[in-house]
Amino acid sequence: MLLQIPVGPMKNFSYLVGDGTSGSAALIDPGYDVARVLSEAERKGLTVDYVICTHSHSDHCSGLKEVRRSTRARVIAHASAPIYKDIPVVDGSKLSVGNLEALIIHTPGHTKDSICILMGNALFTGDTLFVGECGRTDITGGDPSAMYDSLFQKILNLDDKIEVYPGHDYGAMPHSTIGFERENNYTLKPRSREEFLDFMSEP
Ligand SMILES: [Fe+2]
């Protein structure tokens, strides 16, 4: 079961991903409206066992305290993230959410601690990749060269059928696929590293 929930004033998405059999679920990016997201989980019979932050920007994790107060969820974030975490993860880390397996893909570029989470056929991309866009790399912790590797060596190595669930609703539609982004996302056009760095430095 996958719920994409629009939250807050900046077009953020929180996600609930649950195993329908056991009811075990992960909440991804608790930025805003935590009470509403948790009541949605309850309504669907899901127990939030994990809360995962795709990166340490506050619009993706400022609700952590509230989640920890209201649930027994364990907090997962990249090992380098300067936020509370119970389970620090790195590239290739795996965890089980009921019968679902989550694979962590470290995708620095927007921030050093950015991760994408692959669960079944769904990839949660945080602020690394949006529908039709990629995350900005010109703010603290941003690194366009690292973003190049994350996008071109990791994300684009994934199967075209995998669905992309971004951290913000910035595109023409709320979610997409790797294949659609490969074809249509102007930031993913084939470029050398130098060309990509030039491209990302343009206003
Ligand atoms: Fe961000």
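Order of listing sets the numbers, starting from 1, for every ligand and every atom in it.
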Does H57 bring an N, O or S atom to under 2.8 Å of the Fe ion (ligand 1)?
yes

So that I can check it, does any N, O or S atom in D59 come closer than 2.8 Å to the Fe ion (ligand 1)?
no

Checking side chain to side chain contact (heavy atoms under 4.5 Å, CB included) against D113, which of P82, C53, P108 comes through?
P82

Qualifying residue for side chain to side chain contact (heavy atoms under 4.5 Å, CB included) with L95, from I87, I104, I117
I104

Under a 4.0 Å threshold between the charged nitrogen and the carboxylate oxygen, would R72 count as salt-bridged to D49?
no

If the threshold is 4.0 Å, N to carboxylate O, is there a salt bridge linking R193 and D149?
yes

Taking the Fe ion (ligand 1) as the apex, NE2 on H110 and NE2 on H55 give an angle, to 10°, of 100°

Please name the atom of D127, limited to N, O or S, that comes nearest to the Fe ion (ligand 1).
OD2

